[in-house]
Amino acid sequence: MAQPLFLYIHGFNSSPESFKARVFVDWMTAEGKADQVIVPALPHWPAQAISLLEQLIETHRDRSITLIGSSLGGYYSTWLGEKYNLRAVLINPAVRPFELLEAMLGEQGNYYSDERYELTPEHLQQLLQINCHSVKEPSRYLLLTQTGDETLDYREAVEKFRDSPMLVQRGGSHGFDQFESVIPAILAFAEGRVELPAVTDLTAGRIRTETSDE
């Protein structure tokens with residue numbers, strides 16, 4: 001039987017070096033399962049990013065694939081989950097990035113590399129083209145969100161995935177504080193089980209891990 005595969009999809013201006021990606025890879029490595037994780041570096045063009053992710057999925061169609069999408073990666077994961085009928089874990093996902101990023105048009109830079117580029121209306125159009133107004137099987141999505149997200153309005157994701165299993169933590173951040181505490185839930189969901197941790201309040205004594213983790 002082919003091994004399962006987790007495809008971690010990072011967010012806007014992020015990379016495989018993001019905090020959550022590293023934590024997840026380190027966790028799986030410690031469990032002797034490093035070969036069950038792929039964290040690709042995505043192009044800033046949405047169409048190119050989707051094409052790369054589709055190629056990876058097609059290459060590993062013989063494996064049980066679970067998507068893990070952070071922020072913009074959650075938006076990508078929704079599109080891919082619908083197209084390929086995959087399970088997807090959405091971590092503080094963007095719901096309407098083609099609107100959110102409009103205020104950021106102009107020069108941009110990757111948080112983890114020296115790459116500079118121009119964010120253009122064409123980027124937004126490519127994002128709009130992969131918008132999913134609804135999902136066919138809400139049970140295939142697990143929403144993990146924190147109300148203290150300073151970048152996105154968590155209520156948009158809660159509304160869109162209202163029929164999906166979800167964990168909504170009070171406080172936290174866009175980078176998703178204490179991410180390691182939900183990894184067991186991610187692994188269980190990949191096996192078809194919903195085993196969420198107890199909801200904790202992160203508003204008091206919160207320690208930020210990284211300010212711009214996607």
Would you give the length of the straight line joining atom [atom1] of [X] to atom [atom2] of [Y], rounded to the nearest 0.5 angstrom?
{"X": "Tyr76", "Y": "Leu80", "atom1": "OH", "atom2": "CG", "value": "10.0 Å"}
{"X": "Trp45", "Y": "Leu127", "atom1": "CH2", "atom2": "CG", "value": "10.5 Å"}
{"X": "Ile91", "Y": "Leu167", "atom1": "CD1", "atom2": "CG", "value": "11.0 Å"}
{"X": "Arg116", "Y": "His44", "atom1": "CZ", "atom2": "NE2", "value": "11.5 Å"}

Any donor-acceptor pair under 3.5 Å linking the side chain of [X] with the backbone of [Y]?
{"X": "Arg63", "Y": "Pro4", "result": "yes"}
{"X": "Tyr75", "Y": "Asn131", "result": "yes"}
{"X": "Gln108", "Y": "Met104", "result": "yes"}

Looking at residues at least two apart in the chain, or sitting in another chain, which of them share a salt bridge (charged side-chain N to carboxylate O under 4.0 Å, His left out) with Glu102?
none
Going by atom types alone, do [X] and [Y] pair a side-chain donor with an acceptor below 3.5 Å?
{"X": "Glu17", "Y": "Tyr111", "value": "no"}
{"X": "Asp163", "Y": "Tyr141", "value": "no"}
{"X": "Ser71", "Y": "His174", "value": "yes"}
{"X": "Thr147", "Y": "Gln169", "value": "no"}

Ring centres of Phe24 and Phe6 under 6.0 Å apart?
yes
Candidate pair Thr145 and Asn92, rule side-chain hydrogen bond (donor to acceptor under 3.5 Å, both in side chains), full reasoning
CA-CA 5 Å; Thr145 189; Asn92 283 338; 3.0 Å; yes
Grab the two heavy atoms, one from Gly192 and one from Arg87, that are nearest each other, plus how far apart they are.
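Nearest heavy atoms, Gly192 then Arg87: CA-NH2, 3.4 Å.
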Yes or no on side-chain hydrogen bond (donor to acceptor under 3.5 Å, both in side chains) for Tyr84 and Glu58, after CA distance, side-chain angles and deciding distance?
CA-CA 9 Å; Tyr84 292 100; Glu58 293 289 351; 3.2 Å; yes
